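Accompanying notes for the structure given below.
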2 protein chains.
Amino acid sequence: MDEKLQLKSQVCFPIYSLSRKIINSYRPFLEELDITYPQYLVLMVLWENELQTVNQIGEKLNLDSGTLTPLLKRLEAKTLICRSRRRSDERVVEITLTDNGKALKEKAAYVPEKVMEAIGITREDMEDLKRIVTKVLNRSK
Amino acid sequence: MDEKLQLKSQVCFPIYSLSRKIINSYRPFLEELDITYPQYLVLMVLWENELQTVNQIGEKLNLDSGTLTPLLKRLEAKTLICRSRRRSDERVVEITLTDNGKALKEKAAYVPEKVMEAIGITREDMEDLKRIVTKVLNRSK
DNA sequence: GAAAATAAAATTGTGCACAATATAATGGTG
DNA sequence: CACCATTATATTGTGCACAATTTTATTTTC
């Protein structure tokens, strides 16, 4: 029992640590764009497809309205997105990028590379990591 | 640029997702013990060494006082730990386990297995994952 | 077509993370 | 021994996560 309850025996603690470390590595670069990591994720989803509902964004990022509603309001306050109720179904809130939000994509383009560099991870390790993490993520759906 | 800013191209998003997924898998089991995942981490540190300062716990978990102080107060409120200033140096707060805190170790013993089972990860994938994640974590210190 | 079921967001409340600052105690240094 | 730097924790404020509930709109069913 002792052994299994040791921090070094756990697999989740390193993942939790790495996740935080990576997000912290993003911080200085994203601060230049005046956004946070979760906000960056939402913008990435929108850069791929300009118009999306709160639900669609939530499904892609596994985030619920309790997280997204205030986050989206902050992005709106920064004039990066617009929130508006769909005419044909007033329950749905549609999110679109503003010109500012679209323009930010250019500035964000260099971020992933910079972060990889800051973390000091090789492309090979990155691929390894991605492969195994994705495998485990999919297995446990 | 487009390619690099796609969610599926990122390595950090899967890690962030997996971290959250694992913590969520812990949730039902830890709820039975009436603790959260970060509280569980702190208790694990204490189960390995009964007396530790706030600083020592923070170094092991990479958490600062802004996170730990309120968390430790909650653990104290649950009567799982004691917080007391060190006599010889009043700046230091020493954390010790109460009998309740010690006793909880028995109940927590089965948790890691249950979580691995819940996630559906094989022992082999777990070892793979741990190896590569730890490698990247250490490289980027 | 009204009542019930369903669906989409929003709200509320708790608990991390983390930056920035504050408070208080200790340890040099001149 | 007074001053200053350092150390340890606490506090404040912002922004996620997430459970639980609420609100409002739509769809289904009788």
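Letters A, B, ... mirror the listed sequences (proteins, then strands); counts begin at 1. Side chains are part of it too, since the values below use all heavy atoms of this structure and drop only hydrogens, waters and symmetry mates. Only a predicted model underlies this, so the values are computations on that prediction, with no experimental measurement involved.
Within the 4.0 Å cut-off from OP1 or OP2 of D/dA8, not a single side-chain nitrogen or oxygen of B/Q56 is found. A close approach under 4.0 Å does not occur between any side-chain nitrogen or oxygen of B/N55 and OP1 or OP2 of D/dT7. Contact check, A/Y37 against D/dG15: no side-chain N or O comes under 4.0 Å of OP1 or OP2. At least one side-chain nitrogen or oxygen of B/R83 sits closer than 4.0 Å to the OP1 or OP2 atom of D/dA10. Close to C/dA19, at under 4.0 Å from its OP1 or OP2, lies a side-chain N or O of A/R27. Dashed line: the shortest gap from a side-chain N or O of B/K73 to OP1 or OP2 of D/dT11 is under 4.0 Å. Within the structure, a side-chain polar atom (N or O) of A/R74 is placed less than 4.0 Å from OP1 or OP2 of D/dC16. Residue A/R86 places no side-chain N or O under 4.0 Å from the OP1 or OP2 atom of D/dT26. One finds no side-chain N or O of B/N24 lying less than 4.0 angstrom from the OP1 or OP2 phosphate oxygen of D/dA17.
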Salt bridge (charged side-chain N to carboxylate O under 4.0 Å, His left out), that's the test. Do A/R139 and B/D125 meet it? Break it down for me. CA-CA 11 Å; A/R139 164 116 14 128; B/D125 281 352; 3.4 Å; yes
Checking salt bridge (charged side-chain N to carboxylate O under 4.0 Å, His left out) for the pair A/K60/A/E48: CA distance, chi angles, key distance, verdict? CA-CA 12 Å; A/K60 281 166 189 158; A/E48 280 185 44; over 6 Å; no
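Note on A/T36: only backbone sugar-phosphate atoms sit closer than 4.0 angstrom, heavy atoms only; bases stay farther off. Here B/L71 lies in heavy-atom contact (under 4.0 Å) with sugar-phosphate atoms only.
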Can you list, pair by pair, the side-chain donor-acceptor contacts under 3.5 Å of residues 65-80 of chain B, counting residues two or more places apart and other chains?
unit_1	atom_1	unit_2	atom_2	d
B/T67	OG1	B/D64	OD1	3.4
B/T69	OG1	B/S65	O	3.0
B/E76	OE1	B/R83	NH1	3.3
B/K78	NZ	B/D34	O	3.2
B/T79	OG1	B/N100	ND2	2.9

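When each of A/D64 and A/R87 is assigned the nucleotide of DNA chain D bearing its nearest heavy atom, the one mapping closer to the 5' terminus is A/D64. In terms of position on DNA chain C, the residue among A/R20 and A/T53 whose nearest nucleotide sits closer to the 5' end is A/T53.
Distance A/I35 CD1 to D/dC16 P: 10 Å, rounded to the nearest Å. Spacing between atom CD1 of B/I81 and atom C1' of D/dT9 amounts to 14 Å, rounded to whole angstrom units. Atom CG in A/L63 sits about 13 Å away from atom C1' in D/dG15, given to the nearest Å.
Closest non-hydrogen pair, A/Q10 versus B/K130, comes out as O-CD, 3.7 Å.
For A/T69 against C/dA9, a side-chain-to-base donor-acceptor contact under 3.5 Å is absent. Looking at B/S65, its side chain comes within 3.5 Å of the base of D/dA10 through a donor and an acceptor atom. Residue B/R91 places no side-chain atom within donor-acceptor reach of the base of D/dT9, judged by atom type and a 3.5 Å distance cut-off alone.
A cation-pi arrangement, defined by a distance under 6.0 Å to the six-membered ring centre and an angle within 45 degrees of its axis, is present between A/R20 and A/Y16.
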